[in-house]
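In what follows, a single structure is set out as structure tokens and then discussed.
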Amino acid sequence: MNYKIPRGTYDILPADSAKWHFVQDVFRKVASSFGYNEITTPIFEMAELFERSSGESSDVVQKEMYRFTDQKGRTFALRPEGTAPVVRAYVENHMDKSGGRSKLYYMGPMFRYDRPQAGRFRQFYQYGIEFIGSNHPYYDAEVIAIEMTFLKTLGIKNVRLEINSVGCAECAKDYDKALQLHYQPHLEELCADCRKRFETKPRRLLDCKVPSCKTFRPGAPSQLDYLDEACRLHFQQVRNYLDTMNIAYTVNPAIVRGLDYYTNTAFELIVDALGAQNSIAGGGRYNALIAQIGGKDTPAIGFAGGFERLLLALEKEQIPLPGIPKPDVYTIAIGEEAQTAVLGILQSLREAGIYAEYNPEKGSFKAQMKAADASLAAYAIILGEDELKQNKVILKNLSDSSQESLSPQELVGKLSR
RNA sequence: GUGGGUGUAGUUCAAUGGCAGAGCACCGGAUUGUGGUUCCGGGCGUUGUGGGUUCGAGUCCCAUCAUCCACCCCA
């Protein structure tokens, strides 16, 4: 019986770890520069947290959640997204009662039972930002600016920002009614999915891909025309901030976030080169969620991005990323005495933070030289009988073949620089 | 969940239904203190898995698993 990795999951192997650390470090730095601090929540929560917050009718809850019951019959779910857990932690730790403003970021694995394809996995890694505690439109722009800064720092160029406003609950209700009015005459001609959408989520009618459904889209009302005064103004101000910050965007009224808790600003970052799964990050405002989860009525905005798609985008743009580290030195010892004496030298090098490679199994000097070369180390250290007698080692530069004789103390000093 | 493509060595790929191979990588060596180039030697495989057809299956058929593409959805 051979064991195989579960479908839709993957191992991050040593050869790739440095890439992951790199992008994660950049994200942490960028988030810090905006004053955000990391929060880490469990990877499973009460299933109800997601059912309530994401919406019973959402795909995530309906068919993509990994649910399980524990030994006491409680129902939990592996988290399919990061916002609800962060808000749960915010409320549970009474952060809503002490000042109320929190600038948070997180990163870690999420889980969705979905059919894998390029850029889509069952366990995937997200990073995210949540600003909780203000409805000021500046923060909508700030949160977007964090993601744009992150991508810019990494060097990604071919990315588009699309924004929209879905309004508050009141606006959404008016808009849904208007949409139903528009589609009512064609109800019989719509696909089965759309007839369901007509009842449950009329705005989903807009992005149906079935050709016959598409024909009824022209002339459909736009959400933007159904924003009340406050929401309209809010959206306008967000746009003004983005303009001032020189962040380019297009308004796309079709952007509807998949989770029920979004209000007002919704946005998405798209890298066209990625194919079907081209959304690299998405988010929006969720002013109703905190109260819904049991906290004080508190406005908030955030987004989440996917590391896998980010890495794919970096690859597409041929942006170099760190690989597996190369040794600073490869140490060669010839003869039994040298093989013993070399251990002390290795230890002092490593204590000085120098990456020193050594393999006692390589036999001949020649074989060790070959290994040194293959290791791609910058230097080789050679310790043989002659050097032992003089209490010296040879430090050989493997790229220009120059070499010098040094005492072990001088060696550490030279290499630590 | 739906439709389609693909699965052969570590990897990239060959092999008309007739003895499973090549490049790269890897390992060992070319008279015991100097690597890269070169040369010699080594195939490391349950052809994803399980059935079936056939004298004979990597090749044909069925199932299954994985992966890729699209739908759906989304990061």
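A, B, ... follow the sequence lines: proteins, then strands. Residue 1 opens every chain.
Of the side-chain N and O atoms in R112(A), none sit less than 4.0 angstrom from OP1 or OP2 of C73(B).
Within the 4.0 angstrom heavy-atom criterion, no nucleotide atom of any strand lies near F307(A). E387(A) comes within 4.0 angstrom of a nucleotide base, judged by non-hydrogen atoms across all strands. Using a 4.0 Å heavy-atom cutoff across all strands shown, L398(A) reaches at least one base atom of the nucleic acid. Counting non-hydrogen atoms under 4.0 angstrom, G128(A) reaches nothing in the nucleic acid. The residue E385(A) sits close to a base: some heavy atom pair falls under 4.0 Å. The residue G8(A) sits close only to the backbone: its heavy atoms come under 4.0 Å of sugar-phosphate atoms, none of a base. Here K396(A) lies in heavy-atom contact (under 4.0 Å) with a base. The residue A372(A) sits apart from the nucleic acid: no heavy atom pair falls under 4.0 Å. In this structure, Q403(A) reaches the bases: a heavy-atom distance under 4.0 Å links it to at least one base atom across the strands shown. Base engagement by I394(A) is indicated by at least one non-hydrogen atom pair under 4.0 Å involving a base atom.
Atom name C1', nucleotides U2(B) and C73(B): the rounded distance is 13 Å, in whole Å. Nucleotides A22(B) and U47(B), compared at atom C1', are 16 Å apart to the nearest Å.
The main-chain N or O of L227(A) is never found under 3.5 Å from a side-chain atom of R232(A) such that the two would form a donor-acceptor pair. Between the side chain of K103(A) and the main chain of F34(A), a donor-acceptor pair closer than 3.5 Å is present. Proximity of a side-chain donor or acceptor of E81(A) to a complementary backbone N or O of T83(A) within less than 3.5 Å is detected. Distance alone, capped at 3.5 Å, places no donor-acceptor pair between the R160(A) side chain and the V271(A) backbone. Side chain of R112(A) to main chain of P80(A): a donor-acceptor pair is present (N/O by atom type, distance under 3.5 Å, no hydrogens or angles). Side-chain N or O atoms of R88(A) include none that pairs as donor or acceptor with a backbone N or O of I293(A) at under 3.5 Å. The main-chain N or O of V166(A) is never found under 3.5 Å from a side-chain atom of N264(A) such that the two would form a donor-acceptor pair.
A straight line from CD of Q123(A) to C1' of C74(B) spans 17 Å, rounded to a whole angstrom. Whole-Å rounding puts the K366(A) NZ to C39(B) C1' distance at 12 Å. Look at CD1 on I129(A): it is 16 Å from P on A75(B), rounded to the nearest Å. Per the geometry, CG belonging to D373(A) stands 7 Å off P belonging to G36(B), to the nearest Å. Atom P of nucleotide G33(B) and atom CG of L395(A) are separated by 20 Å, given to the nearest angstrom. Protein atom CD of Q117(A) is 9 Å distant from nucleotide atom C1' of C71(B), rounded to whole Å. Following rounding to the nearest Å, E64(A) (CD) and C72(B) (C1') show an atom-to-atom distance of 9 Å. Between L274(A) atom CG and C73(B) atom P there is a gap of 19 Å when expressed in whole angstrom units.
For E308(A), taking side-chain heavy atoms from C-beta onward, the closest of the listed nucleotides A75(B), G33(B), G36(B) is A75(B). Out of C68(B), G33(B), A75(B), the shortest distance to the side chain of S279(A) is found at A75(B). Residue R115(A) places its side chain closer to A70(B) than to any other of A66(B), A75(B), A70(B).
Annotation: of the two residues near RNA chain B, G384(A) and Y113(A), the 5′-most nearest-nucleotide partner is Y113(A). If S399(A) and G119(A) are placed on RNA chain B by their nearest nucleotide, the residue sitting closer to the 5' end is S399(A).
For C68(B), the base has no donor-acceptor partner in the side chain of R120(A) [N/O atoms by modelled type, under 3.5 angstrom].
Shown for residues 325-333 of chain A: no residue has heavy atoms falling under 4.0 angstrom of RNA chain B.
Using a 4.5 Å heavy-atom cutoff, the side chains of I144(A) and Y241(A) are not in contact. Counting heavy atoms from C-beta outward, V143(A) and F267(A) have side chains that approach closer than 4.5 Å.
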Dot-bracket pairing map - RNA chain B, Watson-Crick plus G-U, both contacts under 3.5 Å, | cross-strand: (((((((..((((....[..)))).(((((.......))))).....(((((..]....))))))))))))....

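Residue Y125(A) forms a ring pair (Phe, Tyr, Trp, His ring centres under 6.0 Å) with just one option from F27(A), W20(A), F307(A), and that option is W20(A).
In this structure, M245(A) places its CE atom where more than 12 heavy-atom neighbours from other residues, nucleotides or ligands lie under 6.0 Å away.
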